[in-house]
Amino acid sequence: MGKRGMNRRDFLKLTGAGSLAAAAGGLGGGLLAPKWVWGATPAVKGPIKIGYQAILSGTLAGYGEFHKMGAVMAIEEINAKGGIAGQKVEMEFRDSTTKADEAIKNARYFVDSWGADYLAGIDSSGQALALAPVMAQLDRPLMVTHGATEKLTEEFVFKNGVRQIFRNCMPTYNDGHAAAFIAKDFPAVKWSTVSPKYEYGFTCWKMFQESLKGLKPSVQFVAESFAPFGTTDFRSHINTIMDAKPDGLYSTEWAGELISFVRQAKEAGLFEKVKYVMFPVGAAMDVLEGLGKDMPDNIWISARYFFQYPNNKENNDWVARFNKRWNHYPAYVSETAYSSIYAYKAAVEKAGSKDTKAVIAAMEGMEQISPAGKRVFRKEDHQAMYDVPWGKTKSDPNYPFKVMGDMKVIPAKEYFNRPPFEGPGTTPPFK
């Protein structure tokens, strides 16, 4: 990709502490605008303030920077075209770390001290679950753009009535159910995992096991090893897997931890002995860029968005503009961050108001055309439905990192059969 553009210090100087009210840049050719574009109404008073939090420190800090790139780009474009309902958009970023109390503190700061109208972000499933009841108290919409636990929307929104929560990224069903739908066609019978030792890792592995067993009764699960947050030495976990001699490895490790795992597993010869490997978030750009040519070929990867899908004018134009703006290809959190701002724009302009209740009503059932394709925010639980790809890693002379080959797209409705949320027909194989 040539030089990598501005360094981290310059980037944080541009988008770090303090409010961002970007007006530079323009839409550029081929911007995929939301379906709803209305002019300002007297009911909408500015500025429109959005508080965004993501991990900006530690080994997972790269995620926060990719969030920022997408959100900043959306605000630049929106403000260059007159803002939301004619009102200027301001944004402030804060570091969520990985701790639930830090996410809650940030949310309270955004609303009580800074006066945010809307909130977005959140990388951790645990933080998302902790924030849900707080958002009901603060009475501001929160668009979760990364935290993937299905419990957020199904329990807090659908069952408990916390209507302030929305999510525009694909939840654990792609990582668990869809992975099983792909794996059922492999010759592999004996499966294992190295996954994160917290909500996300446990949930996805359980979902993968239950789904694959239902789809392929002969399958066996022979080893599991869970690594705590912040693990850098995966040797003991790798040894556990290799000792069990599985045919397949499923791992929801992500970000810097997945990079470390892959390098150490490659050195140990794991990929030569285990022929079928699945990384449900291996298509994240920080992982692909971080590993470069060190990522083995023929690893099955996915993510909540991949820059080569969908292969249409709207997405390709956006990727080109993103690459020109940041000298990077967009990560999935870049796309969800970008699209979250446009979702708020669409909802405010549809409602003709920035009132929480009105914006929630406007967003329920809303269709949004985005770089990732068409999203539909379900009224029942405020989860956005859209399709994402799986594929095998391969080299491509056009990129200094591995990309997806043999791409497969399972329609979300085939492995994500909700509603209903309880009872018969809610677990694969769906009938």
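On a predicted model such as this, the values are computed, not experimentally measured, just so you know. Positions are given from 1 along the sequence.
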**Q** Asp95 and Gln53: side-chain donor and acceptor closer than 3.5 Å?
**A**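 No pair is found: no donor N or O on one side chain lies under 3.5 Å from an acceptor on the other.
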**Q** Going through the distances and angles, do Lys402 and Asp297 end up as a side-chain contact (heavy atoms from CB on, under 4.5 Å)?
**A** CA-CA 8 Å; Lys402 301 295 176 72; Asp297 288 333; 2.9 Å; yes
**Q** Verify the neighbour count for atom NZ of Lys105: are there more than 12 heavy atoms of other residues, nucleotides or ligands below 6.0 Å?
**A** no
**Q** Would you say the side chain of Glu314 lies within less than 4.5 Å of the side chain of Pro371, judging by non-hydrogen atoms?
**A**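 Not touching, per the 4.5 Å side-chain cut-off.
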**Q** OG of Ser218 to NZ of Lys184: how many Å apart, nearest 0.5 Å?
**A** 12.5 Å
**Q** Does any donor atom in the side chain of Tyr200 or Asp175 lie under 3.5 Å from an acceptor atom in the other side chain?
**A** yes
**Q** For Pro280, which of Phe208, Trp300, Trp390, Trp254 qualifies under side-chain contact (heavy atoms from CB on, under 4.5 Å)?
**A** Trp390
**Q** Using 30° and 60° as the class limits, which term best fits the ring planes of Phe401 and Tyr329: parallel, tilted or perpendicular?
**A** perpendicular
**Q** The criterion is side chain to side chain donor-acceptor pair (under 3.5 Å); which residues satisfy it with Trp205, sequence neighbours excluded?
**A**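 Listed in chain order: Glu224.
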**Q** Hey, mind stepping through Asp123 and Thr98 against side-chain hydrogen bond (donor to acceptor under 3.5 Å, both in side chains) and telling me if it holds?
**A** CA-CA 8 Å; Asp123 290 296; Thr98 58; over 6 Å; no
**Q** Do Lys68 and Phe93 form a cation-pi contact, if we require the NZ or CZ to be under 6.0 Å from the six-membered ring centre and within 45 degrees of the ring's axis?
**A** yes
**Q** Quick one, Phe166 and Thr153 - any side-chain contact, counting heavy atoms below 4.5 Å?
**A**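 A side-chain contact under 4.5 Å is absent here.
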**Q** Quick one: does Val262's side chain get under 4.5 Å of Pro296's, heavy atoms only?
**A**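 Result yes, sub-4.5 Å side-chain heavy-atom pair found.
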**Q** For His177 and Ser211, does a side-chain donor sit closer than 3.5 Å to a side-chain acceptor?
**A**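 Looking only at side-chain atoms, Ser211 and His177 do form a donor-acceptor pair, the distance falling under 3.5 Å.
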**Q** Over 60° means perpendicular and under 30° means parallel, so classify the ring planes of Trp318 and Phe322, tilted if in between.
**A** tilted
**Q** Please work out whether the ring planes of Tyr276 and Phe186 are parallel, tilted or perpendicular, with thresholds of 30° and 60°.
**A** parallel
**Q** Using the salt bridge (Lys or Arg N to Asp or Glu O under 4.0 Å) rule, pick out the option among Lys49, Lys354, Lys345 that qualifies with Asp117.
**A** Lys354
**Q** Parallel, tilted or perpendicular: which describes the rings of His146 and His67, with under 30° parallel and over 60° perpendicular?
**A**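 His146 vs His67 ring planes: tilted.
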**Q** Do Phe202 and Phe226 have ring centroids that are under 6.0 Å from one another?
**A**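 Centroid distance Phe226-Phe202: below 6.0 Å, so yes.
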**Q** Determine whether the side chains of Tyr109 and Glu92 contain a donor N or O and an acceptor N or O closer than 3.5 Å.
**A**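 Yes - a donor-acceptor pair under 3.5 Å links their side chains.
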**Q** In the structure I gave you, are the side-chain heavy atoms of Val281 and Tyr332 within less than 4.5 Å of one another anywhere?
**A**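 The answer is yes, as the side chains (C-beta and beyond) meet within the 4.5 Å cut-off.
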**Q** Give a yes-or-no answer on whether the side chains of Glu77 and Tyr338 include a donor-acceptor pair shorter than 3.5 Å.
**A**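 Tyr338 and Glu77 do have a side-chain donor-acceptor pair below 3.5 Å.
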**Q** Judged by modelled atom types alone, do Ser125 and Glu199 share a side-chain donor-acceptor pair under 3.5 Å?
**A**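 Side chains of Ser125 and Glu199: no pair found under 3.5 Å.
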**Q** In terms of side-chain heavy atoms, does Arg375 have a donor or acceptor partner in Gln383 at a distance below 3.5 Å?
**A**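 There is no such pair (donor and acceptor under 3.5 Å, judged by atom type) between the side chains of Arg375 and Gln383.
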